[in-house]
Amino acid sequence: MVATIDVRSWLLFSASLSVSRPLSASLGLSRPLSARTVSPLFVYLSLDWLLAAYLGMWNAMVPIVLLGRFGTAGVVAYEIALAACAVIALPVAASWTERLSRGRVMQWACVILVLSGMSRLVVEAATQSVTFWILNDMVAVAAFAVIQPLLGVYPAETVEAARVLDAFRLKRVTVNLGRISGPLLAGVALLLCTQQYALWCVAALGCCVLPLLLRLPLPPPSNQAGAWPPPAASPWFRRAFAGFALKIRLPAERFFTLCDMLLGVATAGIVPLLIPQLMRQAALPASQVGWLIGGFVIGSMAGVVIFHPILSRTLQRRLGYVAIWAALGISLAVATVADTAVLLGTGLIATGIFGACLSMNGIDRRVIAMPSSVRIRVASATLLTTQVASMLSFALYGVSYDADTMDGRWGLYAGLVGIAALSACLASEPWRLLGETGSGEGVERFYTDRYPEAFDDAEQVRRDVAA
């Protein structure tokens, strides 16, 4: 299925894009970079793929090594410590990275990530305590907390406004391929090497990031005319959680955040929990799990690349959006009652398609509508709400698994679709944002014209929008 995607056209699209006005403005450049410069979008996509593959390989490899050395208790302590570190680091990192040079911050964070991968080899060889593993990888988690919000906004700042949705679509495909590649590389490394040398493979993959860092676009020195002044002092917790305040205060963003969380609850637990449940319910052999997971992943990719362009106009209307949510609920219901592998696979593919279409709805306009001075904090808040939704999904599907009954699943599906439909019917501003003509000034000023008081630095935002 992946081979049927017109990969050459995507590569030509990304390679031919030059730096546009939004990127020049956000980086403080007085004029666009030369057309002969390597496309920033292509550099960021390559970096995105490598980091996604590195994270997937790290998450698959290190727990296996720790399980053999420290047992289940060591793995549990490691995972809990890193999850807590991520929850704390994301908002704190966003509070100071958003006003710094994004290219410089990305470079330093990636260097720290590479160094932590190398120091992991020293920890593995020289220590016999899981504490050192935790401390070392907490540094890596903090570096990822700096990097991930930056990677969430670059499609809106590296291409022309009319092509932002295509850039987000390309980013989503690239990240998915990276997430698939990472565990596969980990499996190959463990198959061909000992665990010690497999950790060297993880560190080597991290080092592949370094050449790309030299290609990242950088702003002028901070003392250049037009540079932003340093932010006024304010309590750190106010800056750290300002992204959540914006998500709650802005009606359109509040609606999209709620629907994103509902979608996360519906889909995040499908691969690790729901598919094994449904296979056991349908009495299918364990050998079927691979292609069922593959069907869901292929459906998600097809939803991003093929079906979302077809359904994008439908999703921009209230009734069309509700209809796609209903289709997602029906797909989950079909998968739940399936008693054959073909019917279960069909339901999972349809779930992947409709879930991907809903996740892409308005993703470009939501970022463009935010002034670039607050995009990082909002992206960080989005990552945290996504994590919360994933945890709820695991908990709810886990409860239904322990109960071994379908009643809870029916209630879950109906509740998620019902809340999304009710929210869509009551909300009005999301459809105004999605209905703005094109992706130009009307979208860029959508929030600043309506809610200038929502931003904690009004003068900064006015200067940002005027740029």
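The analysis underlying the following values was restricted to heavy atoms, covering all of them including side chains, and did not include hydrogens, waters or symmetry mates.
Atom CG of residue Leu332 and atom CG of residue Leu274 lie 7.0 Å apart, to the nearest 0.5 angstrom. Interatomic distance, CZ of Phe354 versus CD1 of Ile349, reported as 12.0 Å (0.5 Å rounding). One finds the CZ atom of Phe296 at 10.5 Å from the OG atom of Ser331 (value rounded to the nearest 0.5 Å). Within the model, atoms CD of Glu444 and OG of Ser372 stand 10.0 Å from one another, a figure rounded to the nearest 0.5 Å. How far CG of Leu205 is from CG of Leu50: 6.0 Å, rounded to the nearest 0.5 Å. Tyr54 contributes atom OH, which lies 11.0 Å from atom SG of Cys208 (distance to the nearest 0.5 angstrom).
Screening residues 411-425 for side chain to side chain donor-acceptor pair (under 3.5 Å), with sequence neighbours left out, gives Thr336-Tyr413. Residue pairs meeting the ring-ring contact (aromatic ring centres under 6.0 Å, His included) criterion with at least one partner in residues 252-282, sequence neighbours excluded, are Phe255-Tyr321, Phe255-Trp431.
Scored by the side-chain hydrogen bond (donor to acceptor under 3.5 Å, both in side chains) test, Arg172 finds Ser359 as partners (sequence neighbours excluded). Under the rule for a side-chain hydrogen bond (donor to acceptor under 3.5 Å, both in side chains), the partners of Trp58 that lie at least two apart in sequence or sit in another chain are Tyr78, Asp137. With sequence neighbours left out, Ser312 forms a side-chain hydrogen bond (donor to acceptor under 3.5 Å, both in side chains) with no residue at all. Gln107 meets the side-chain hydrogen bond (donor to acceptor under 3.5 Å, both in side chains) test with Arg104; sequence neighbours excluded.
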Could you check Ser393 against Thr267 for side chain to side chain contact (heavy atoms under 4.5 Å, CB included), going step by step and ending with a plain yes or no?
CA-CA 7 Å; Ser393 179; Thr267 59; over 6 Å; no
Determine, stepwise, if the pair Leu113 / Val139 fulfils side chain to side chain contact (heavy atoms under 4.5 Å, CB included).
CA-CA 8 Å; Leu113 193 65; Val139 176; over 6 Å; no
Verdict with supporting geometry, Trp325 and Leu263, side chain to side chain contact (heavy atoms under 4.5 Å, CB included):
CA-CA 9 Å; Trp325 262 104; Leu263 184 61; 4.1 Å; yes
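Counting heavy atoms from C-beta outward, Leu315 and Cys357 have side chains that approach closer than 4.5 Å. When side chains are defined from C-beta on, Thr158 counts as touching Tyr44, because their heavy atoms get closer than 4.5 Å. Taking 4.5 Å as the limit, every side-chain heavy atom of Asp260 sits out of range of all side-chain heavy atoms of Thr257. Residues Leu55 and Arg179 have side chains not in contact (no heavy-atom distance under 4.5 Å, counting atoms from C-beta outward). Counting heavy atoms from C-beta outward, Phe244 and Val378 have side chains that stay 4.5 Å or more apart. When side chains are defined from C-beta on, Thr346 does not count as touching Val334, because their heavy atoms never get closer than 4.5 Å. Annotation: side chain of Ile147 is in contact with side chain of Cys110 (closest heavy-atom distance under 4.5 Å).
Between Met301 and Asn176, the shortest heavy-atom contact is SD-CB, 3.5 Å. The nearest pair of heavy atoms linking Met138 to Cys85 is O-SG, 3.6 Å. Closest approach of Leu246 and Ala454 over heavy atoms only: CD2-O, 3.4 Å. Here the closest heavy-atom approach between residue Ala381 and residue Gly243 is recorded as CB-C, 3.7 Å. Scanning both residues, Pro91 and Leu384, for their nearest heavy atoms gives CD-CD1, 3.6 Å. The two residues Leu150 and Ile376 have their closest heavy-atom pair at CD2-CD1, 3.4 Å.
When each of Leu47, Asp48, Val159 is checked for a side-chain contact (heavy atoms from CB on, under 4.5 Å) with Tyr154, only Asp48 meets the rule.
Listed for the Lys171 side chain is no donor-acceptor partner under 3.5 Å among the backbone atoms of Leu41. A donor-acceptor pair under 3.5 Å links the side-chain atoms of Ser380 to the main chain of Leu90, judged by distance alone. Listed for the Glu253 side chain is no donor-acceptor partner under 3.5 Å among the backbone atoms of Met370. Checked by atom type and distance alone, the side chain of Arg318 pairs as donor or acceptor with a backbone atom of Ala424 at under 3.5 Å. Side-chain atoms of Arg169 come within 3.5 Å of backbone atoms of Val304 as a donor-acceptor pair (strictly under, hydrogens ignored). Arg375 places a side-chain N or O within donor-acceptor distance of the main-chain N or O of Val367, the cut-off being under 3.5 Å.
Salt-bridge annotation for Arg163 and Asp166: absent, with no side-chain N of the basic residue lying under 4.0 Å from a carboxylate O of the acidic one. With salt bridges taken as basic N to acidic carboxylate O contacts below 4.0 Å, none links Glu429 and Arg254.
Residue Leu319 qualifies as open at atom CG: its count of foreign heavy atoms under 6.0 Å is 12 or below. The number of heavy atoms from other shown groups lying within 6.0 Å of CE (Met279) is above 12.
Both the sub-6.0 Å distance and the 45° axial angle are satisfied by Arg450 relative to the ring of Phe446.
Side-chain atoms of Gln316 and Arg365 form no donor-acceptor pair, as typed in the model, at a separation below 3.5 Å.
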